[in-house]
Amino acid sequence: MSVGKTNLYIDPGPGALVRCLKSKPKLEPSTLDGILLTHKHLDHSGDVNVMIEAMTEGGFKKRGVLFAPEDALEGDPVVLRYLRNYVENVIVLKESAEYQIGEISFSTAQKHHHRVETYGINFKIKPHSLSLISDTKFFPELPNLYRGEILIIHVVRLKPVIDEPIEHLSVEDVKTILKKAKPKLTILTHFGMTMISAKPWEVASGLEKELGLKVIAASDGMKLDLEKDLVT
Ligand SMILES: [Zn+2]
């Protein structure tokens with residue numbers, strides 16, 4: 001996410017660095033101001049160490065802030081201890097707290113239901129607001145916690161799975177959330193195999209028709225311009 005001169009990388013999963021370098025225009029990790037982990041699962045954090053190295057030019061330039069839940073840092077941590085001195089600050093994410101990095105303000109809500117400590121994020125990017133619902137099982141408060149004009153939502157399952165041990169949202173859950181939250185623009189992302197087979201863009205247009213809300217499916221490398229894409 002880039003706001004003004006502030007660059008924040010959210011959830012550097014496996015291949016994050018390679019993707020940065022291959023993207024056009026190239027995203028330069030040494031211009032990052034921070035890295036944010038919504039939770040420690042490897043598909044969200046696999047490249048966090050590599051990205052810290054890249055952001056700090058191998059530790060030669062102490063810079064940047066790492067935001068992460070406590071369990072990503074303690075116990076069985078995903079962030080290597082020797083790298084923590086490379087960044088200027090390591091900030092532990094907590095429930096319902098507010099944070100600031102350069103021109104980006106954001107807050108957490110309550111913990112998600114997702115086995116490891118997980119947070120969704122509400123970003124305030126004046127004059128806009130953007131909510132990110134990271135991995136979670138559905139819980140009744142969820143639609144009220146994320147009221148950004150733009151909602152990015154991790155939807156892994158096409159159909160709900162009863163007693164699913166991995167705890168993710170399904171398209172049914174997304175419907176429930178959108179009916180209440182009514183964001184101006186919803187972006188579906190983080191698809192599991194059932195979503196991929198169902199073609200995410202078709203799922204998105206189905207939701208759009210059914211709910212009368214703008215819903216799109218994210219694709220790799222997709223760019224969202226808050227100034228242009230919201231004017232509809
Ligand atoms: Zn997860």
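Atoms within a ligand are numbered from 1 in the order they appear, just like the ligands themselves.
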Determine whether the aromatic ring centres of Y119 and H44 lie less than 6.0 Å apart. no
How are the rings of H39 and H114 set relative to one another: parallel (under 30°), tilted (30 to 60°) or perpendicular (over 60°)? perpendicular
Regarding D135 and T118, do their side chains bring together a donor and an acceptor under 3.5 Å, going by distance alone? no
Please identify each residue that fulfils side-chain hydrogen bond (donor to acceptor under 3.5 Å, both in side chains) with Y99, with sequence neighbours left out. none
Could you name all protein N, O or S atoms found under 2.8 Å from the Zn ion (ligand 1)? H39 NE2, H41 ND1, H114 NE2, D135 OD2
Return yes if a side-chain donor-acceptor contact under 3.5 Å exists between S105 and Q100, otherwise no. yes
Please determine, by modelled atom types, if D173 and S170 share a side-chain donor-acceptor pair under 3.5 angstrom. yes
